Amino acid sequence: MTTLYECAYAKLNLTLDVLGKREDGYHDLQSVMQTISIRDDVEIDVGTGKPWRLLCSQEGIPTDETNLAWKAAKVYLDAMKKDPDGIEIRIVKRIPSGAGMGGGSADAAAVLRALNRHYGEPLSILALAELGAQVGSDVPFCTVGGTAMVEGRGERLRKLPDMPDCVFVVCKPPFSVSTPELYRKIDEVAIPLRPDNRAMESALLAGDIGAVAEQVYNVFDPVVTADHLELNYIKSICNSYGALAQQMTGSGSAVFAILPNFEYAAVVCNMLKENYPQIFIAKPV
């Protein structure tokens with residue numbers, strides 16, 4: 001038996017635009033995504049000689065074949081025509097669930113990277129990301145990580161210059177948002193404001209954190225905020241204590257703020273932690 005270890009990093013959507021609904025029922029997206037240092041830890045025992053098993057440190061997470069990490073293992077092993085002779089996957093969860101931070105996708109991506117390494121890296125990272133598209137929309141990006149433009153339903157990736165040095169505060173309020181319901185709502189409204197992804201790319205190229213912060217925008221944010229006004233409270237605290245930008249990530253409900261340094265981030269955390277225990281300080285990865 002061999003034990004594999006891999007980190008599963010959370011993601012933030014610096015920008016997120018919904019371009020329209022596709023014939024297959026999915027939506028075409030355009031998003032600048034960033035991995036951050038909040039992470040789950042994934043361990044995989046290969047060759048257990050027993051039926052497949054998945055264990056998770058957090059209650060309420062599925063531990064059967066519906067879990068994205070399990071699906072990723074199956075997709076990889078089927079594609080490579082490998083029989084692992086039993087697998088056990090153990091996940092230590094730190095990325096909050098229902099936050100729009102890609103926790104399940106990050107775990108799946110970690111499984112893909114770990115198994116690929118175990119079998120001698122037959123697939124390049126981009127080929128591995130392509131395989132990840134069969135598991136979930138955020139899995140290709142989580143497989144590659146860093147800073148990237150993500151298009152289509154998540155399967156088209158283009159690496160961008162690294163995020164300039166900064167600190168993130170991420171705050172997960174006590175509610176979550178139904179992603180299918182949110183897409184249904186956004187299909188019914190006119191989107192008045194969209195992110196300027198070209199300007200975001202230019203800001204990243206210039207390495208200018210102020211310019212990057214100016215381009216942060218997510219079309220889902222106003223739709224969710226209309227139903228959950230406390231997001232405005234979280235954002236106003238961030239803004240009052242020195243955040244360069246504050247925005248919901250993904251389909252919510254977590255809000256992230258970009259801060260110039262750790263000192264500012266610590267103050268924002270102190271102001272929010274009493275009402276919001278799920279609060280984190282992170283760096284770009």
Side-chain angles (χ1 to χ4, degrees), residues 1-11 26 33 35-146 148 150 152-157 176 179-180 250 280 282 285:
M1 188 180 80
T2 308
T3 303
L4 316 174
Y5 303 90
E6 191 70 25
C7 295
Y9 291 106
K11 63 86 181 167
Y26 288 99
M33 292 194 193
T35 40
I36 58 171
S37 55
I38 301 166
R39 68 169 212 260
D40 294 346
D41 288 332
V42 178
E43 286 185 9
I44 308 169
D45 290 341
V46 181
T48 61
K50 296 174 185 171
W52 283 33
R53 203 160 81 119
L54 189 145
L55 306 169
C56 184
S57 65
Q58 186 179 314
E59 286 181 18
I61 302 289
T63 54
D64 58 9
E65 63 276 3
T66 63
N67 187 294
L68 294 186
W70 185 308
K71 284 184 180 177
K74 186 166 187 336
V75 161
Y76 182 86
L77 294 163
D78 286 354
M80 305 311 292
K81 298 182 170 53
K82 300 285 186 186
D83 177 5
D85 186 27
I87 269 186
E88 181 173 292
I89 300 169
R90 295 181 295 279
I91 301 169
V92 176
K93 285 300 283 181
R94 294 188 194 86
I95 303 169
S97 302
M101 297 170 68
S105 300
D107 297 340
V111 167
L112 291 175
R113 288 194 302 268
L115 288 175
N116 196 50
R117 194 170 62 243
H118 175 67
Y119 288 109
E121 301 199 340
L123 296 180
S124 70
I125 195 75
L126 289 176
L128 204 58
E130 212 171 288
L131 203 56
Q134 296 177 35
V135 182
S137 297
D138 285 335
V139 178
F141 170 73
C142 289
T143 303
V144 175
V150 181
R153 70 174 188 90
E155 78 283 6
R156 298 208 310 276
L157 298 177
S176 291
T179 304
F280 309 84
V285 174

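Worth saying up front: this structure is predicted, and the values here are computed from it rather than measured.
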* Do the side chains of Tyr119 and Lys82 get nearer than 4.5 Å, heavy atoms only? -> yes

* Asked: In this structure, are over 12 heavy atoms from other groups packed under 6.0 Å from Glu130 atom CD?
  -> no

* Partners of Arg90 by salt bridge (charged side-chain N to carboxylate O under 4.0 Å, His left out), sequence neighbours excluded? -> Glu43, Asp45, Glu88

* Structure fact -> What one should report as the nearest heavy-atom pair of Pro122 and Asn116 is CD-OD1, 3.3 Å

* Test side chain to side chain contact (heavy atoms under 4.5 Å, CB included) applied to Asp107 and Lys93, step by step -> CA-CA 9 Å; Asp107 297 340; Lys93 285 300 283 181; 3.2 Å; yes

* Asked: Minimum heavy-atom separation for Gly102 to Lys11, with atom names?
  -> N-CE, 3.9 Å

* For Ala79, check side chain to side chain contact (heavy atoms under 4.5 Å, CB included) against everything at least two apart and list the hits. => Leu131

* To do: With side chain to side chain contact (heavy atoms under 4.5 Å, CB included) as the test, would you mind laying out the steps for Phe141 and Leu157 before giving the verdict?
  => CA-CA 7 Å; Phe141 170 73; Leu157 298 177; 4.0 Å; yes

* State whether the side chain of Thr2 and the backbone N or O of Val46 hold a donor-acceptor pair below 3.5 Å, judged by distance alone. => no

* Between Phe280 and Ile38, what is the shortest heavy-atom contact and its length? -> CB-CD1, 3.4 Å

* Kindly write out the residues that satisfy side-chain hydrogen bond (donor to acceptor under 3.5 Å, both in side chains) with Lys71, not counting sequence neighbours, or none if the list is empty. => none

* **Verdict with supporting geometry, Leu123 and Tyr76, side chain to side chain contact (heavy atoms under 4.5 Å, CB included)** => CA-CA 10 Å; Leu123 296 180; Tyr76 182 86; 4.0 Å; yes

* Structure fact -> Distance col, row Ser105:OG vs Asp138:CG, nearest 0.5 angstrom, shows 4.5 Å

* To the nearest 0.5 angstrom, please state how far the OG1 atom of Thr3 sits from the CD1 atom of Ile44. => 10.0 Å

* Structure fact -> When rounded to the nearest 0.5 Å, the distance separating CE of Met101 from SG of Cys142 is 10.5 Å

* Asked: According to the interplanar angle, ranging from 0 to 90°, do the rings of Trp70 and Trp52 count as parallel (below 30°), tilted (30 to 60°) or perpendicular (above 60°)?
  -> tilted

* With distance as the sole test, does Arg53 use its side chain to make a donor-acceptor pair with the main-chain N or O of Gly86 at under 3.5 Å? -> no

* Structure fact -> Closest heavy-atom pair, Ala108 versus Val135, reported as atoms and distance to 0.1 Å, is CB-CG1, 4.1 Å

* Structure fact -> Nearest heavy-atom approach of Glu6 to Ala114 is CB-CB, 4.1 Å

* Structure fact -> OG1 of Thr63 to CG of Leu55, rounded to nearest 0.5 Å, is 7.5 Å

* Side-chain donor or acceptor of Asp40 paired with backbone N/O of Arg94 under 3.5 Å -> yes

* Residues Asp41, Cys7; criterion side chain to side chain contact (heavy atoms under 4.5 Å, CB included); working and verdict -> CA-CA 5 Å; Asp41 288 332; Cys7 295; 4.2 Å; yes

* To do: Please answer whether the main-chain N or O of Val285 pairs with a side-chain N or O of Thr35 as donor and acceptor at a distance below 3.5 Å.
  => yes

* Asked: Looking only at heavy atoms, what is the nearest atom pair of Leu115 and Ala73, with distance?
  -> CD1-CA, 3.8 Å

